[in-house]
Amino acid sequence: MTAWIDAMPLIEKIFFYIALPASLIMIIQTIMLFIGGAGDSGLDSDTSAIGDGALDGLEAADGGLDADGPGYGFSGNGLSFITMRGIITFMTVFGWAGVCLMEMGASESASMAFAILLGIGAMIGVAFLVRGLLSLQAVGNIDYRQALGQYADVYLAIPASGSGRGKVTLTLRGAMSQYDAVTDDDGGIRTGEVVRVTDIVGGNVLVVEREKIEQGGK
C-alpha cells in the first residue's frame with residue numbers, strides 16, 4: 001500500500017488524500033443516520049434513528065434544504081447544494097474519480113476536469129435525494145394543524161375564491177418548505193404577499209387570508 005502511494009504522481013496523491021478522509025466522514029454520516037447521532041457536530045451527523053427522527057436530522061444537518069437565504073449560493077426553488085453533506089460527497093467522488101482516472105492513464109488535466117464534473121454531479125444527486133426524503137416526510141408525517149395562525153409568504157400566486165391552488169413558504173417543525181394553499185379572497189393573492197393560515201382542508205391544503213398590515217399613525 002505504501003509503495004503504491006509513493007509511486008503515485010503528485011496530483012494523484014492529492015486526489016487520494018482528499019478522498020480518504022472524505023470517505024471516512026461519509027461512512028460515519030451514514031452510520032449515524034441509521035443508528036442516531038448527537039446532532040450536527042462537525043461531521044454533519046443526523047440526530048436520530050430511522051423514521052421521523054432521522055429525517056428531522058437530515059433537515060437540521062443540511063441547514064434546512066428549503067432555505068433561500070445567505071449562505072445558500074446555489075439554492076433555488078427549495079433546493080440547496082452547498083451543505084456539509086454535499087461538500088463531503090463532492091470531495092469523496094472527486095478524489096476517488098481522480099485516482100481511478102489517473103490509474104487508467106488519463107492526463108492530469110483530464111483527470112481534474114472529469115473528477116470535478118463527477119463530484120458536482122454527485123453533490124447535486126445527493127441534494128435531490130435528501131429533498132425527496134424530506135418531501136416524503138412532509139406528505140406523510142407533518143401535523144398541518146401546527147400551521148394554524150402562522151404567517152407565510154406566497155411562493156406561487158393563489159387563485160381567487162378557492163378556484164385553484166397556489167403555494168406558500170412556511171416553517172414547520174424547524175424546516176422551511178412550500179405547501180399547497182387556497183384562499184377565499186375574491187381578488188386572489190399575488191406572489192410575495194404575506195398571508196395568515198386560517199384553516200386546513202383536505203388534510204394538507206392550507207386556507208390562507210391576506211395579512212392586513214396596520215400603518216402606525218394613520
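Partner of Lys167 under the side chain to side chain donor-acceptor pair (under 3.5 Å) criterion, out of Asp153, Asp180, Thr191: Asp180 alone.
Side-chain contact check for Tyr155 versus Tyr179: every heavy-atom pair is 4.5 Å or farther apart. Residues Phe15 and Met8 fail the side-chain proximity criterion, which asks for heavy atoms closer than 4.5 Å. Contact of the Ile158 side chain with the Asp185 side chain is not registered, since no non-hydrogen atoms from C-beta on lie closer than 4.5 Å. The shortest side-chain heavy-atom distance between Ile200 and Val205 does not fall under the 4.5 Å cut-off. Looking at Arg165 and Pro159, their side chains never come closer than 4.5 Å, going by heavy atoms from C-beta outward. For the pair Leu170/Met176, no side-chain contact is recorded, criterion being any heavy-atom separation below 4.5 Å from C-beta on. Residues Ile18 and Phe94 form a side-chain contact, since some pair of their non-hydrogen atoms from C-beta on lies under 4.5 Å apart. Considering only heavy atoms from C-beta on, Tyr151 stays 4.5 Å or farther from Val195 through its side chain.
For the atom pair CD1 (Ile87) and OG1 (Thr92), the distance works out to 11.5 Å, reported to the nearest 0.5 Å. Rounding to the nearest 0.5 Å gives a distance of 9.5 Å between OG1 of Thr89 and CG of Leu129. Atom CE of residue Met112 and atom CD1 of residue Ile14 lie 7.0 Å apart, to the nearest 0.5 angstrom. With rounding to the nearest 0.5 angstrom, the CD atom of Gln146 is 6.0 Å from the CG atom of Leu172. Here CD1 of Ile11 is found 11.5 Å from CG of Leu101. Values are rounded to the nearest 0.5 Å. Note that the OG1 atom of Thr169 and the CG atom of Leu156 stand 8.5 Å from one another [nearest 0.5 Å].
Nearest approach of Ala160 to Gly188, heavy atoms of both residues: CB-N, 3.4 Å.
Under the 4.5 Å side-chain heavy-atom criterion for ILVMFWY residues, a single connected hydrophobic cluster contains both Leu10 and Val99.
Not one N or O on the side chain of Arg210 forms a donor-acceptor pair closer than 3.5 Å with the backbone of Thr183.
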